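In what follows, a single structure is set out as structure tokens and then discussed.
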Amino acid sequence: MSYIKLDLEKSGLKKEEIMKYRDKVAEIHNELYEKSDDEKEFVGWLKLPTNYDKEEFERIKKCAERIKENSDIFLVIGIGGSYLGARAVIEALTNTFYNMLPNRKTPQILFVGNNMSPNYLNDLIELIGNKDLSINVISKSGTTTEPAMAFRIFREFMENKYGIDEARKRIYVTTDKEKGALKKLATEEEYETFVIPDNVGGRYSVLTAVGLLPIAVSGVSIDELMKGARKAQNKYCESDLKYNECYQYAVARNILYKNKKMIELLVSYEPKMQFVSEWWKQLYGESEGKEGKGIFPASVMFTTDLHSLGQYIQEGERDLFETVVNIENTATDITIKKDADNVDGLNFLADKTMSYVCKKAMEGTIEAHVSGNVPNILINMNKLDEENLGELIYFFELACAMSGRILGVNPFNQPGVEAYKHNMFKLLGKFDN
Ligand code: PA5
């Protein structure tokens, strides 16, 4: 069973304050739904959990089986929205030490093309050694420098290792259906190709082939993930703010921002959620940070970061609020045993489970931070599995679109990303050739 529940009790916001946005929310909701079937608008993700390409979905599953059979390593080449979602789901739902597990039945999954470090690439090549591998290169534009560089290197690596014909069978491309250098190359080389729909932007694309192929290779059920997202699509299709918790989250963060809470800290107590936070930061940062506006999305992993950032959160600048993703039920647990000598003084925890101790740490932390004027938004999630995560992904995507529109920006473009690229290309002489 899955559920995501929003709790605004400790946000310091009153219901009436939130409900003032009722008309605005309904207006934006209708605008989003009106655009959802338009190929030219970036709102394709809205109905994706029901409208997805069923044929391609089955082909993804078959392809994942082939990769599992013939590869020790699966390399995912992509950056930003073209890798964060896959990594988030895989790390959240597999063993924390997945890539190091000796008896794993699925390939090691490694991500590359998301930085420009030669060390990273050389270290990776050393790690691959003689192992069998397959590659999934993912780029919607097909021209992004980091994945393009990595792919050039690994294409040659594959051709040297396997010969051109076998290399072709081990390279999978996820890109636009017709545009871009990658699409052209894929057609020429006859690589198996998956499509990123025109109306789904990079950071909203985890439930397309962008996320689904790597996720399926890891053994995580993409059927269950989509089921959770579908559940959320049905649950949050209500235009009335009063009954839509997803929109309430969007409104709450906007009110807090107006009250000079400029930074949102996404908090988790489960290290498996690290990359869900990274995915969330990109989603909200790229969608909202524009025109001199936007909440700065940051994240912390507790209790780890209570020992590094806890002091600042409790007593530093008062421009923070926290959104805690609380996973209510852990998959496994450990009970602390009683020790006859009690030298470490821990017998007050005897017979208690670690998950219980962690819950008390969370409750105590929320109370402390709220009393230190850090408003709290709580998102309760039943457990960490495919269905719940699918629901959470959809919840955050929809809330992000609503929140960006309330803020008055276009949550589907990213014009600011071009500035650094222009300078970098100029310095590298791209425009002279
Ligand atoms: O959300 C976005 O659109 C971006 O973060 C892109 O995903 C990222 O820049 C990678 O782009 P591409 O898939 O075209 O290589």
Side-chain angles (χ1 to χ4, degrees), residues 31-64 76-89 136-144 147 172-187 191-217 222-223 225-230 232-234 236-237 279 282-283 286-287 389-391 393-402 404-405 410-414 417:
E31 178 208 309
L32 288 173
Y33 270 82
E34 270 161 29
K35 290 179 175 168
S36 66
D37 296 322
D38 190 333
E39 288 290 299
K40 283 184 241 60
E41 301 286 347
F42 286 98
V43 195
W45 51 269
L46 190 63
K47 293 187 189 162
L48 198 63
T50 46
N51 276 0
Y52 65 96
D53 180 339
K54 315 285 182 305
E55 249 171 60
E56 186 179 72
F57 193 81
E58 291 309 314
R59 192 158 60 85
I60 288 172
K61 289 200 271 185
K62 279 204 191 106
C63 183
V76 180
I77 303 180
I79 195 165
S82 287
Y83 97 104
L84 284 166
R87 188 159 180 185
V89 174
N136 183 197
V137 54
I138 310 171
S139 177
K140 181 164 170 143
S141 63
T143 53
T144 308
Y172 301 88
V173 172
T174 308
T175 190
D176 187 88
K177 68 175 183 305
E178 52 194 20
K179 294 189 299 286
L182 186 57
K183 174 63 193 170
K184 192 165 170 271
L185 188 65
T187 310
Y191 297 139
E192 177 152 10
T193 305
F194 299 92
V195 171
I196 311 175
D198 284 350
N199 57 358
V200 180
R203 58 191 174 274
Y204 293 84
S205 69
V206 52
L207 299 175
T208 70
V210 170
L212 297 177
L213 178 58
I215 292 168
V217 172
I222 58 173
D223 286 299
L225 190 73
M226 286 305 254
K227 185 175 160 196
R230 220 164 18 251
Q233 185 186 324
N234 290 332
Y236 303 121
C237 68
W279 167 82
Q282 191 218 351
L283 179 63
E286 260 187 17
S287 299
L389 195 54
E391 196 175 332
I393 285 169
Y394 190 91
F395 174 95
F396 276 140
E397 286 181 351
L398 180 59
C400 181
M402 175 56 71
R405 294 297 296 117
N410 176 355
F412 310 120
N413 66 4
Q414 55 283 331
V417 182

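Every value quoted in this text rests on a predicted model; they were computed, and no experiment measured them.
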Practice task
Inspect the contact between Glu31 and Lys35 and indicate whether a charged nitrogen and a carboxylate oxygen are less than 4.0 angstrom apart.
Solution key: yes

Practice task
Please check if any side-chain donor atom of Asn136 sits under 3.5 Å from a side-chain acceptor atom of Thr174, or the reverse.
Solution key: yes

Heavy atoms only: give me the nearest [X]-[Y] pair and the separation to one decimal.
X: Leu207; Y: Leu212; result: O-CD1, 3.3 Å
X: Ile196; Y: Ser139; result: CD1-C, 4.1 Å
X: Lys179; Y: Asp198; result: NZ-OD1, 4.4 Å
X: Tyr204; Y: Ser287; result: OH-OG, 3.3 Å
X: Cys63; Y: Leu213; result: SG-CD1, 4.0 Å
X: Ala209; Y: Val195; result: CB-O, 4.3 Å

Handout entry: Tyr191/Tyr172 under ring-ring contact (aromatic ring centres under 6.0 Å, His included): CA gap, chis, key distance, verdict
Key = CA-CA 6 Å; Tyr191 297 139; Tyr172 301 88; 9.1 Å; no

Exercise for the section: Return yes if some donor-acceptor pair links the side-chain N/O of Glu397 with the main-chain N/O of Trp45 below 3.5 Å, else return no. Expected result: no

Apply side chain to side chain contact (heavy atoms under 4.5 Å, CB included) to [X] and list each qualifying residue two or more places apart in sequence or on a separate chain.
X: Pro197; result: Asn199, Val200, Thr208
X: Gln414; result: Arg203, Glu286, Val417
X: Tyr52; result: Leu48, Lys54, Phe57, Met226, Arg230

Practice task
Go through Leu398 and Leu46 one step at a time and tell me if the side chain to side chain contact (heavy atoms under 4.5 Å, CB included) criterion holds.
Solution key: CA-CA 7 Å; Leu398 180 59; Leu46 190 63; 3.6 Å; yes

Handout entry: Pair Tyr236 + Tyr394: ring centers closer than 6.0 Å
Key = no

